[in-house]
Amino acid sequence: MYEFFTLDNGLRVVVENIDYVSSISVGLWIENGSRNENEYNNGISHFIEHMLFKGTINRTSKKIAEDIEDVGGQINAFTGKEATCYYIKVLNTHLELALDILSDMLFNSKLSEEDIEKEKSVISEEIDMNEDSPEDVLLDLHNKAIWGNDSISLPILGTKETLKKFDRDLLKEYIESYYIPENSVISICGNFDSNEIIGLIEKYFGNWNSKTKKITKYSKPSILENVFLREKNIEQLHVNIGIPGIEIGNDDIYSLTLLCNILGGGASSILFQKLREELGMCYSIYSYSSSLINTGIVSIYAALNIKYIKDALNIINNELQKFAKGFITDEKLYKAKEQLKGNYILGLESTSSRMFKNGRSVLFLNRVNTPEHVLDKIDNIDINNINNVMDKTLRKGIKNIAFVGNNYEAVLKALGRDVILYK
């Protein structure tokens, strides 16, 4: 059973009661991420996420962790392009403890200069770790190829140069501007007393107010036609291919997800069967869609030996064009819908996954997409809808490509077009 309500201060709350489980997951969602930043403060959203774990006026950093882990719970957080989420999963008997700790972190963090300097070193190491991962480097590079200088392409971690600029005043100003109830959602899923839940949330978050308010608004960036390469001394060439996608909140996302599954969503998909099973060109290849506010992208990822790159790109393009122009039979459509429904239902097996789903939906769409609603949308996908989505996305063809590897000349020769060497 779902409840969705708004406190007097503008904080939205979504709760889902599941009375047959013994756990409860609590998430504090803030509509703020790297997309809200600029070249001067890039990485500040992620930095603040780290700092809220560094201690409050009531708890040390160690005690924040101990208070949850001592009762067998888990506490963590993540920052994305458009949201930051702090979350706790505990036995349902410890719901108030979870709310207490999240509110303590939010309202009472010390943000000491000493901790800020230490965390700069920690995140600098995280940036180095990201640099050691070709997939992570490729993702940031492809974002630049897709959206250019729009803030949506800024890396979530920021850079070592922007890290140096962060101090207590800058962090406090940013928190006061974006960490406001109107930009936020509390999402709770698990076994709880419905008669007590509103009172508990009011107790810990009802007095949350901010004088400086920046309601999050986003641009509508164009999808650019770029080919970027970042040189790294690694064995394989990692490739991300970009095709126009669907923005968040558009019901066409269900059809697009179905199409991506057929094209490159698993071991039975078109691209996997062709390039890996039939031709043995690569170990890893898959496609996926990413939906953001006012924009979206379909990506095809592959990692392969540089000697295969020309043939692989031609084959991927040919298979994409054949798929986009082809006709999906009723039988194929039925199987694809059943696969999509199965993947969705299996993803709802925990209170955490349901809390994430509900929180994200309310944060960005101001509604709860119930499982019944989602399954109904999938069941209603038909050939006409598939064709309309094909026209908006896959039939537009490849718009941009990003490469990470160590042979610029080979890539240049394989493509027969300009490739921007990105530093």
Side-chain angles (χ1 to χ4, degrees), residues 1-7 11-29 31 82-83 85 87 89 92 95 184-198 201 245-262 265-266 288-293 296 328 330-389 392-393:
M1 183 181 71
Y2 295 88
E3 287 186 73
F4 174 27
F5 54 91
T6 303
L7 303 188
L11 176 66
R12 289 163 291 169
V13 180
V14 56
V15 297
E16 181 181 7
N17 198 337
I18 305 177
D19 59 10
Y20 56 82
V21 300
S22 299
S23 67
I24 194 158
S25 294
V26 183
L28 167 63
W29 290 78
E31 190 174 349
E82 298 170 339
C85 178
Y87 59 95
K89 184 175 184 179
N92 64 309
L95 168 60
S184 306
V185 169
I186 297 288
S187 178
I188 299 174
C189 180
N191 190 342
F192 55 83
D193 187 336
S194 298
N195 295 319
E196 296 180 355
I197 194 73
I198 296 177
I201 295 169
I246 300 292
E247 72 278 4
I248 194 170
N250 189 323
D251 283 347
D252 285 341
I253 192 61
Y254 300 109
S255 295
L256 182 59
T257 303
L258 182 148
L259 291 170
C260 286
N261 284 346
I262 297 173
Y288 61 97
S289 66
S290 302
S291 293
L292 298 157
I293 294 173
I328 297 177
D330 290 339
E331 181 183 6
K332 183 68 174 177
L333 181 58
Y334 171 78
K335 289 180 179 179
K337 291 199 287 187
E338 289 301 300
Q339 180 189 28
L340 188 56
K341 289 192 292 184
N343 290 340
Y344 173 74
I345 292 169
L346 290 174
L348 299 177
E349 294 278 306
S350 74
T351 57
S352 294
S353 61
R354 295 176 86 107
M355 180 278 288
F356 290 137
K357 175 184 68 69
N358 296 341
R360 179 177 170 82
S361 180
V362 171
L363 188 71
F364 293 128
L365 307 177
N366 212 36
R367 66 173 186 254
V368 179
N369 282 334
T370 66
E372 294 76 18
H373 170 87
V374 172
L375 294 175
D376 186 57
K377 291 292 183 182
I378 295 171
D379 279 330
N380 287 329
I381 296 172
D382 58 23
I383 295 300
N384 288 333
N385 182 246
I386 289 290
N387 278 324
N388 288 336
V389 174
K392 295 178 183 178
T393 60

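In this text, all values refer to a predicted model and were calculated from it rather than measured experimentally.
With hydrogens and angles disregarded, no donor-acceptor distance shorter than 3.5 Å links the side chain of Asn369 to the backbone of Asn358. A donor-acceptor pair is defined here as one N or O able to donate and one able to accept, closer than 3.5 Å; such a pair exists between the side chain of Ser361 and the backbone of Arg367. A donor-acceptor pair is defined here as one N or O able to donate and one able to accept, closer than 3.5 Å; such a pair exists between the side chain of Asn191 and the backbone of Val21. Judged purely by atom type and a 3.5 angstrom limit, Asp376 has no side-chain atom pairing as donor or acceptor with the backbone of Glu372. Formation of a donor-acceptor pair under 3.5 Å by the Asn250 side chain with backbone atoms of Ile253 is not found in this model.
Taking the side chain as every heavy atom from C-beta outward, Tyr254 and Asp252 never approach each other to under 4.5 Å. Within the 4.5 Å cutoff, the side chain of Leu95 has no heavy atoms near those of the Glu196 side chain. Residues Ser289 and Ile246 fail the side-chain proximity criterion, which asks for heavy atoms closer than 4.5 Å. Residues Leu258 and Ile381 are in side-chain contact: their nearest non-hydrogen atoms beyond the backbone lie under 4.5 Å apart. Looking at Ile24 and Thr351, their side chains never come closer than 4.5 Å, going by heavy atoms from C-beta outward. Here the side chains of Val185 and Val13 are not in contact, with every heavy-atom distance at 4.5 Å or above.
A salt bridge is defined here as a Lys NZ or Arg NE, NH1 or NH2 lying under 4.0 Å from an Asp or Glu carboxylate O, and Lys337 with Asp379 fails to meet this definition. Salt-bridge formation is detected for the pair Lys341/Glu338: a Lys NZ or Arg NE/NH1/NH2 atom is positioned less than 4.0 Å from an Asp or Glu carboxylate oxygen.
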Could you walk me through whether Ser187 and Trp29 satisfy the side-chain contact (heavy atoms from CB on, under 4.5 Å) test, starting with their C-alpha distance in whole Å, then the side-chain angles of each, then the deciding distance to 0.1 Å, before giving a yes or no?
CA-CA 8 Å; Ser187 178; Trp29 290 78; 4.1 Å; yes

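The number of heavy-atom neighbours closer than 6.0 Å to CZ of Arg12, taken from other residues, nucleotides and ligands shown, is above 12.
Rounding to the nearest 0.5 angstrom, the gap separating the CD atom in Glu16 from the OH atom in Tyr2 is 3.5 Å.
Phe4 meets the ring pair (Phe, Tyr, Trp, His ring centres under 6.0 Å) test with no other residue; sequence neighbours excluded.
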